[in-house]
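Just below is one structure, and these are the notes that go with it.
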Amino acid sequence: MQFSKLAEMFDRLESTSSRLEMTDILSEFFRTVEPAELRQVIYLSVGRLHPEFYPQELGMADKLVLKAIASVSGRTPKEVEDLWIKTGDPGEVAETLISKKKQMTLFSEPLTFQAVVEGLTLIETATGKDSQDKKMKHLARMMHDSGPLEARYLCRIVTGRMRVGAGAMTVMDALALAFATKEQRPDIERAFNITCDMGLVAETVAEGGIEAVRKIGVTVGDPVKVMLAERLRSLPDIMDRMSGRCAFEYKYDGMRVQAHIRKDGAVKLYSRRLEDLTSNFPDIADALKEQLIGQEAIIEGECVAFDPATGSLLPFQNVTHRRRKHDMEQTVEDVPVRIFMFDLLFHDGKDYTLVPYPERRAKLEASFSKHEGPGPDKVGFTTRAVIENEEQAQEFFDQAVAAKCEGIMAKSLEDISIYRAGSRGFLWIKYKKDYTQALVDTFDLTVVGAFYGMGKRAGMYGALLMAAYDPDTGKFGTTCKLGTGFDDAFLAQLPDMLSKYRSEKKPASLDAEMVPDVWFIPGVVLEVSAADISISPIHTIAFGSVKEDAGLGLRFPRFTGRVRDDKTPEQCTTAAEIVEFYQLQEERDSDSPEMGDEEPSE
Ligand code: AMP
């Protein structure tokens with residue numbers, strides 16, 4: 001296959017915002033590609049050579065890419081840089097300048113898809129003192145053989161800017177359309193959720209059809225998409241929803257870790273956004289391996305920092321010190337951490353994801369031995385009890401808060417309580433102490449735009465346009481303009497933090513009415529608190545869900561100071577959660593007239 005064929009397909013995807021149209025473009029294309037090539041196409045369409053969880057070293061600095069563009073186009077470094085300053089996108093620079101060059105000279109041989117995969121692999125694996133120079137030359141070589149459109153995508157891929165607007169949901173729709181039926185799409189989605197590898201799923205369905213996809217199972221070493229919890233506004237509501245009986249666990253305020261302990265003794269720890277955290281928690285990895293009864297397992301738990309003098313648990317911010325890249329040995333000592341395990345997904349050849357929670361929990365508890373030798377036990381289980389009435393629920397919640405936890409996690413004990421990879425549902429319901437403090441709750445939102453500041457904030461960003469995610473449509477929608485809660489240090493570092501996501505135009509994955517001074521592709525996630533949610537004519541999240549021709553907006557949003565770099569933009573608060581919040585608030589306000597006296601929310 002020629003790379004130009006793929007570049008043209010990317011271009012067509014980028015020029016539409018209709019999910020149906022994207023599905024058609026993709027499925028039509030998928031049918032024309034060999035299964036093994038399809039796997040690579042899937043990875044490349046999000047700028048990767050491997051599945052998402054595989055560490056990738058492709059990232060080339062913009063300046064290095066500009067150098068390659070100058071060498072291929074024959075333009076001066078200044079000309080190239082000027083255009084880059086104007087557009088902010090090396091892809092656009094390459095497309096403009098390479099096209100001009102192509103009018104003057106003939107290029108040697110058309111660039112094949114295989115040559116691109118090989119060239120990018122060389123860029124990824126270049127090491128040594130002159131590795132930067134090697135990367136630059138590999139890129140230049142590919143661009144030498146490429147037309148303008150291919151150059152656009154090559155430069156976007158190597159600088160981590162590859163976003164053609166088609167999300168995982170759309171890709172799965174297209175796979176179902178091309179190789180299966182609409183009814184079989186849930187099988188495709190489950191395979192993706194338990195492997196996190198869309199390339200593998202695509203190749204499997206293209207080669208062996210849906211039967212082959214159904215045989216895909218959990219693999220120790222490959223992360224499984226995490227199961228998520230719904231929320232309700234009160235403990236009685238939770239007990240009601242759980243038909244009067246369920247398990248409660250402490251909800252620890254730490255970092256979620258999915259641990260894979262392999263037969264060969266290797267351990268891998270993944271964050272909820274599939275980043276490899278093994279090097280950040282080497283002590284936890286060792287302890288898990290040591291105390292596992294059996295040979296291999298996948299478990300989940302929350303890593304929490306504690307005060308070694310008192311044994312008391314410390315808030316989330318403390319465990320984030322472990323995210324440091326350097327001086328890990330010292331950090332391990334300075335920031336002692338324990339893991340509180342709450343689930344088991346796999347053990348010695350058996351997949352437990354379809355087994356109900358009580359059985360998974362029993363197996364989890366039977367699969368780890370007590371710590372022997374000096375030092376504290378780094379491995380434990382979440383504190384848990386079976387709850388059968390409201391008094392017990394309240395008592396357990398109070399205990400959890402006293403133990404420095406965020407609240408509780410209620411878990412269904414019914415036969416349907418399987419591990420639902422990648423989905424949020426009422427099998428788990430969270431209830432945090434924040435909810436008891438009247439209206440305030442927090443939302444994880446992604447930055448999609450910025451407004452230049454005025455007065456004291458002149459010359460920097462003064463406010464941000466924030467969006468939530470709608471997994472049903474695969475699109476982001478705006479929900480507030482955020483201008484409070486920032487300190488000077490944060491404002492100063494914002495431009496750097498956001499620069500790599502800067503976009504010339506509104507990102508294809510975003511629905512927005514409000515137009516900021518600068519657009520950003522969803523990348524950075526911030527935690528935002530808000531007083532309440534109101535129907536908004538200008539914001540687009542959950543558009544039409546509560547009221548025709550209106551979305552939902554957060555009122556009095558405030559940055560909490562927490563950058564959620566453990567979450568991807570797709571793991572932001574969802575449209576459905578915001579709707580739910582809105583409805584809870586409406587119910588609550590109608591329950592308590594003194595609050596309902598406030599100004600109406602419309
Ligand atoms: P949230 O991040 O507010 O959506 O809450 C869900 C998170 O709570 C999970 O992703 C875990 O990181 C964390 N968590 C803490 N304790 C537990 C528990 N006992 N069971 C499940 N998740 C827990």
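Position 1 is the first residue of the sequence; numbering continues from there. Order of listing sets the numbers, starting from 1, for every ligand and every atom in it. Note that this is a predicted model, so its numbers are computed, not measured.
In this pair, Y469 and F476 present their aromatic rings tilted. The plane angle is within the 30 to 60° band. Note on ring orientation: taking the six-membered ring where Trp is involved, the planes of F486 and F559 are tilted (angle from 30° to 60°).
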Open item on the list: Quick one, L510 with T478, criterion side-chain contact (heavy atoms from CB on, under 4.5 Å). Give me CA distance, side-chain angles, the key distance, then yes/no.
Closed with: CA-CA 8 Å; L510 175 71; T478 69; 4.3 Å; yes
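Closest heavy-atom approach to atom 11 (C) of ligand 1 within the set R231, M227, E302, R384: this belongs to E302. Across F248, F381, F342, heavy-atom proximity to atom 17 (C) of ligand 1 is greatest for F342.
The backbone N or O of E390 lies less than 3.5 Å from no partner atom in the side chain of Q394, so there is not a single donor-acceptor pair. Without hydrogens or angle criteria, S423 side chain to L228 main chain gives no donor-acceptor distance under 3.5 Å.
At under 3.5 Å, a nitrogen or oxygen of K411, whether backbone or side chain, sits near a nitrogen or oxygen of ligand 1. At a 3.5 angstrom cut-off on N or O pairs, K430 counts as close to ligand 1. Residue contacts with ligand 1: R424 is placed with no nitrogen or oxygen under 3.5 Å of a nitrogen or oxygen of the ligand (distance criterion only). At least one N or O atom of Y250 sits closer than 3.5 Å to an N or O atom of ligand 1. By the 3.5 Å distance cut-off applied to N or O atoms, T382 is not counted among the residues near ligand 1.
Here E570 does not pair with R273 in a salt bridge; the nearest charged N to carboxylate O distance is not below 4.0 Å.
Residue pairs meeting the ring pair (Phe, Tyr, Trp, His ring centres under 6.0 Å) criterion with at least one partner in residues 261-302, sequence neighbours excluded, are H260-Y270.
For ligand 1, the atoms sitting less than 4.0 Å from at least one non-hydrogen atom of M409 are 6 (C), 8 (O), 20 (N), 21 (C), 22 (N), 23 (C), numbered in the order shown with element in parentheses. Under a 4.0 Å criterion applied to the non-hydrogen atoms of K432, ligand 1 contributes the atoms 3 (O). Counting atoms of ligand 1 from 1 in the listed order, those under 4.0 Å from a heavy atom of E249 are 18 (C), 19 (N), 20 (N).
At a heavy-atom distance under 4.0 Å, no atom of E300 approaches ligand 1.
Here the closest heavy-atom approach between residue Y419 and residue V224 is recorded as CE2-CG1, 4.3 Å.
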